[in-house]
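All values reported here derive from a predicted model rather than from experimental measurement.
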Amino acid sequence: MMRNLTVSLKKVEQDLAYFVSPNNKDGFIKEFASWVYSEWSKNDFYETDIIDLGYDCSSHPEKTNQSLSDKCPTYAEFINANTGFSECTHVSGQGMRCQVYEEKLLEVFGEATAKKIDELVELYKLEVPEKYKKDAESISELIFLELVDHSIDSELYEVCEDILFKYNQLGVASFPYTCPIDGWDNDKALYCDESIFKDYTLEDFKKLAEID
């Protein structure tokens, strides 16, 4: 039972890798492109107002009368722009911070991969092993709640950890879709050279999403 589940979850992992690959035109990239185009084309641009009181440094969104598409000509600028929402950091000395679009993207990524996992579990007719049923109602819970006992089921544990590491909301498989800031040159952001979509324009995403 454990061996069969382990082998099947390795297939799930392979299918997830194909699903999130930017080269798979029928995978996550379609939802990604549609989401980017919708957010980028319709939303307003917010400045980031930084308030440093010495004992506390916070950032707050400041509304402008400009559109996001006018102020952010490239994907790199869009995905790092603030959304107009602020949240508490729960970090000493850093009160509030602005949410950026990358955080919303990671939510979209996490929801898409979670849905895909459920589809693959149903496709392969996978069930939670009897000994884990008291803690996990589904294979997703078995994976994301890290319920597999490493000391007893090491191979199953490892494949579950691989899926968790790559395909949760903050999973490393999301990296091709992000565009982190690597540093600053005076007030100009320097973006990661490895970002696939860094220089894409809104029009590029319209084509990618196949929007007429």
Side-chain angles (χ1 to χ4, degrees), residues 5 8-43 61 68 72 75-91 96-124 126 128 132 135-148 156-181 191-192 194-198 200 205 208-209:
L5 180 57
S8 295
L9 283 177
K10 286 181 178 178
K11 291 180 183 177
V12 168
E13 186 179 2
Q14 291 172 351
D15 290 346
L16 283 169
Y18 181 63
F19 172 68
V20 302
S21 170
N23 297 321
N24 176 11
K25 298 186 184 303
D26 295 318
F28 173 68
I29 196 168
K30 291 180 71 173
E31 183 175 349
F32 163 71
S34 295
W35 175 83
V36 170
Y37 184 79
S38 177
E39 297 286 319
W40 196 356
S41 63
K42 296 175 183 177
N43 291 338
L68 194 58
C72 299
Y75 176 72
E77 293 163 282
F78 155 72
I79 202 65
N80 287 287
N82 90 60
T83 63
F85 293 95
S86 59
E87 54 196 10
C88 183
T89 64
H90 302 290
V91 176
M96 302 294 290
R97 60 180 290 278
C98 294
Q99 180 195 56
V100 296
Y101 280 96
E102 181 183 285
E103 294 169 76
K104 293 183 69 176
L105 166 63
L106 293 178
E107 290 177 8
V108 172
F109 177 84
E111 289 170 3
T113 51
K115 181 180 177 183
K116 189 65 178 179
I117 288 171
D118 288 342
E119 290 175 0
L120 292 169
V121 165
E122 185 173 347
L123 176 66
Y124 293 126
L126 306 184
V128 177
Y132 292 115
D135 297 312
E137 295 183 359
S138 66
I139 293 293
S140 289
E141 286 190 0
L142 188 69
I143 295 170
F144 292 114
L145 297 181
E146 299 181 86
L147 297 174
V148 177
L156 179 60
Y157 172 86
E158 286 171 9
V159 70
C160 287
E161 284 295 294
D162 283 346
I163 293 172
L164 177 64
F165 180 67
K166 295 173 185 175
Y167 303 109
N168 69 29
Q169 184 173 319
L170 301 176
V172 296
S174 67
F175 287 0
Y177 298 97
T178 63
C179 188
I181 296 174
Y191 301 103
C192 177
E194 296 178 6
S195 176
I196 299 171
F197 303 101
K198 178 175 71 171
Y200 273 45
F205 275 98
L208 196 61

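In this structure, Asn43 contributes its side chain and Leu68 its backbone to no donor-acceptor pair below 3.5 Å. Checking side-chain atoms of Ser174 against main-chain N and O of Gly171 turns up a donor-acceptor pair under 3.5 Å. Side-chain atoms of Asn80 come within 3.5 Å of backbone atoms of Cys179 as a donor-acceptor pair (strictly under, hydrogens ignored). For Thr178 (side chain) and Phe175 (main-chain N/O), a donor-acceptor pair under 3.5 Å exists by modelled atom type.
Taking all atoms of both residues into account, the shortest heavy-atom contact from Lys198 to Cys192 is CD-O, 3.6 Å. Closest non-hydrogen pair, Glu141 versus Asp135, comes out as OE1-O, 3.9 Å. Between Glu13 and Val159 the shortest heavy-atom distance is OE1-CG2, 3.7 Å. Closest of all the heavy-atom pairs between Ile196 and Pro22 is CD1-CG, 3.8 Å. Across Ala81 and Cys72, no two heavy atoms sit closer than the pair CB-SG, 4.1 Å.
Relative orientation of the Phe197 and Tyr177 rings is parallel, given thresholds of 30° and 60° on the angle between their planes.
Note: Leu126 CG to Asp118 CG = 11.0 Å, rounded to the nearest 0.5 Å. In this structure, Asp26 CG and Tyr18 OH are separated by 6.5 Å, a value rounded to the nearest 0.5 Å. Summarising the geometry, atom CG belonging to Leu9 is positioned 11.5 Å from atom CD belonging to Gln14; distances are rounded to the nearest 0.5 Å. Ile181 CD1 to Ile79 CD1: the interatomic distance, rounded to the nearest 0.5 Å, is 11.0 Å. The distance from atom CH2 of Trp35 to atom OG of Ser38, rounded to the nearest 0.5 Å, is 9.0 Å. One finds the OG atom of Ser140 at 12.0 Å from the CG atom of Asn168 (value rounded to the nearest 0.5 Å).
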Check: Going through the distances and angles, do Lys166 and Leu16 end up as a side chain to side chain contact (heavy atoms under 4.5 Å, CB included)?
Finding: CA-CA 9 Å; Lys166 295 173 185 175; Leu16 283 169; over 6 Å; no

Checklist line | Verdict with reasoning, Lys25 to Lys30, per side chain to side chain contact (heavy atoms under 4.5 Å, CB included) | finding: CA-CA 7 Å; Lys25 298 186 184 303; Lys30 291 180 71 173; 5.8 Å; no

Note to self: Using side chain to side chain contact (heavy atoms under 4.5 Å, CB included), reason through Val108 and Phe28 one step at a time and then give a plain yes or no.
What the structure shows: CA-CA 10 Å; Val108 172; Phe28 173 68; 4.1 Å; yes

Next item on the list: Go through the steps for Phe109 and Phe32 under the test ring-ring contact (aromatic ring centres under 6.0 Å, His included), then give the verdict.
Entry: CA-CA 8 Å; Phe109 177 84; Phe32 163 71; 9.7 Å; no

Next item on the list: Could you walk me through whether Leu106 and Leu170 pass the side chain to side chain contact (heavy atoms under 4.5 Å, CB included) test, one step at a time?
Entry: CA-CA 6 Å; Leu106 293 178; Leu170 301 176; 3.8 Å; yes

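Within the 4.5 Å cutoff, no side-chain heavy atoms of Thr113 are placed close to those of Ile163. Inter-residue side-chain proximity for Leu208 and Val36 is flagged as unmet; no heavy-atom pair is nearer than 4.5 Å. Annotation: side chain of Leu142 is in contact with side chain of Val148 (closest heavy-atom distance under 4.5 Å).
In summary, of the residues considered (Tyr191, Phe205, Phe78, Tyr75), a ring-ring contact (aromatic ring centres under 6.0 Å, His included) with Tyr200 occurs for Phe205 alone.
The side chain to side chain contact (heavy atoms under 4.5 Å, CB included) test applied to Thr83 returns Phe85, Gln99, Tyr101, Lys104, not counting sequence neighbours. Here Tyr167 pairs with nothing under the ring pair (Phe, Tyr, Trp, His ring centres under 6.0 Å) rule; sequence neighbours left out.
Ion pairing of Glu119 with Lys116 is present here, as a side-chain N (NZ or NE/NH1/NH2) and a carboxylate O approach within less than 4.0 Å.
With a 6.0 Å radius and a threshold of 12 heavy atoms from other residues, nucleotides or ligands, Glu194 has its CD atom at or below the threshold.
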